[in-house]
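A short worksheet on the structure shown next.
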Amino acid sequence: MFKQWLLLIVLLPSLVFADDFIAGKDYEVVNGIEASHSEKISVIEFFSYGCPWCFRIESSLEQWTKRQEKSIAFSRVPVVFNTDWTYYAKAYYTAELLGLGKKLTPLLFKAIQTDKKTLTSSQDMIDFFVAQGVNKDIAESAFAHSTTVDMKVNEGNVTMARFHITAVPAFVVNNAYKTDLQMAKSEERLLKVLDYLVALSKKK
């Protein structure tokens, strides 16, 4: 019995502080931007279909958002770090515009990350949408000629710059905290940091 109590005393500090995360190390405090005051906590994922790590965490992230759906308002911003990723960002917003976001996001990830398809031109993307059952004229109009899609891409670039997003996947919680996979060190730990930041935002 004494050994059991001794073991508990030794382990207690690590158990208590297992989920204590440090600002400046595990996450950053976002300065100069007003925190969201909506009923649900805003969680923004900055990602790209061209990012292997975004693809890798997709399944776990989907489970996390379902678990947190009563507490958070989840949204995504596709980032543009290079020319190819501009087409990926337009594909995301085109799918959203057509009401096909949930269906096409996993298919776009698979096509780019697993099947290694080259979807780096307007025609490539239009052909992709047509292959998924979208009318050719609608696909061409939405992807190549939609001012709404172009505006969304520009807004995404502004949001990315505002939060100083330099790596993905990255997350901004309640407009107040930012973390990414690099800071969190692992996929599992990243989700724990997000849990912590959502809980911290609720207290605020």
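As a basis for the values below, the full set of heavy atoms in this structure was taken, side chains included, without hydrogen atoms, waters or symmetry mates.
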In one Ile/Leu/Val/Met/Phe/Trp/Tyr side-chain cluster, 4.5 Å: Val43, Val29: yes

Partner residues of Glu187 under the side chain to side chain donor-acceptor pair (under 3.5 Å) criterion, sequence neighbours left out: Ser60

Close side-chain approach of Lys192 and Phe21, heavy atoms under 4.5 Å: yes

Partner residues of Lys202 under the side chain to side chain donor-acceptor pair (under 3.5 Å) criterion, sequence neighbours left out: Ser71

Nearest non-hydrogen partners of Pro169 and Cys51, listed with the distance: CD-SG, 4.0 Å

Side chain to side chain donor-acceptor pair (under 3.5 Å) partners of Asp26, counting only residues at least two apart: Arg189

Listed partners of Lys90 passing salt bridge (Lys or Arg N to Asp or Glu O under 4.0 Å), at least two apart: Asp150

Interatomic distance, Phe81 atom CZ to Thr86 atom OG1 [nearest 0.5 angstrom]: 11.5 Å

Step-by-step side-chain contact (heavy atoms from CB on, under 4.5 Å) determination, Thr105 to Glu58: CA-CA 10 Å; Thr105 279; Glu58 181 69 6; 3.9 Å; yes

Contacts of type salt bridge (Lys or Arg N to Asp or Glu O under 4.0 Å), residue Lys102, not counting sequence neighbours: none

Distance in Å, Leu197 CG paired with Phe171 CZ, rounded so as to fall on 0.5 Å steps: 11.0 Å

Atom pair NZ/NE2 of Lys178 and His164 - distance to nearest 0.5 Å: 6.5 Å

NZ-OH distance between Lys152 and Tyr92, expressed to the nearest 0.5 angstrom: 9.0 Å

Contact check, side chains of Leu190 and Trp64, non-hydrogen atoms, under 4.5 Å: no

Pairwise side-chain contact, Phe46 with Thr159, heavy-atom cut-off 4.5 Å (strictly under): yes

Spatial distance of atom OG (Ser48) from atom CG (Asn82) [nearest 0.5 Å]: 7.5 Å

Hydrophobic cluster identity match, Met183 and Leu200, side-chain contacts under 4.5 Å: no

Residue list, side chain to side chain donor-acceptor pair (under 3.5 Å) with Trp53, at least two apart or on another chain: none

side-chain contact (heavy atoms from CB on, under 4.5 Å) assessment of Tyr87 paired with Leu119: CA-CA 8 Å; Tyr87 295 104; Leu119 299 177; over 6 Å; no

Residue pairs, two or more places apart or on separate chains, that pass side-chain hydrogen bond (donor to acceptor under 3.5 Å, both in side chains) and touch residues 165-177: none

For Lys40 against Glu69, the heavy-atom pair lying closest together: NZ-O, 2.9 Å

Main-chain N/O of Ala95 paired with Lys103 side-chain donor or acceptor, under 3.5 Å: no

Side-chain donor-acceptor contacts of residues 107-118 below 3.5 Å, not counting sequence neighbours, with atom names and distances?
from	atom 1	to	atom 2	distance (Å)
Lys110	NZ	Asp115	OD1	3.2
Lys110	NZ	Asp115	OD2	3.0
Gln113	NE2	Tyr49	O	2.9
Gln113	NE2	Gly50	O	3.3
Lys116	NZ	Gln113	O	3.0

Distance-only donor-acceptor hits, side chain of residues 124-137, under 3.5 Å, sequence neighbours excluded:
from	atom 1	to	atom 2	distance (Å)
Asp124	OD2	Thr120	N	3.4
Asp124	OD2	Ser121	OG	3.1
Asp127	OD1	Gln123	NE2	2.9
Asn135	OD1	Asp137	N	2.9
Asn135	OD1	Ile138	N	3.2

Beyond-backbone contact of Val149 with Phe143, side-chain heavy atoms, under 4.5 angstrom: no

Contacts of type salt bridge (Lys or Arg N to Asp or Glu O under 4.0 Å), residue Arg67, not counting sequence neighbours: Asp195

Interatomic spacing from CD1 in Ile57 to CD in Glu45 - rounded to 0.5 Å: 5.5 Å

Gln182, CD atom: more than 12 neighbouring heavy atoms under 6.0 Å: no

Nearest non-hydrogen partners of Thr179 and Tyr27, listed with the distance: CB-CB, 4.0 Å

Inter- and intrachain pairs under salt bridge (charged side-chain N to carboxylate O under 4.0 Å, His left out), touching residues 158-172, at least two apart: none

Results of salt bridge (Lys or Arg N to Asp or Glu O under 4.0 Å) for Glu140 - residues two or more places apart only: none

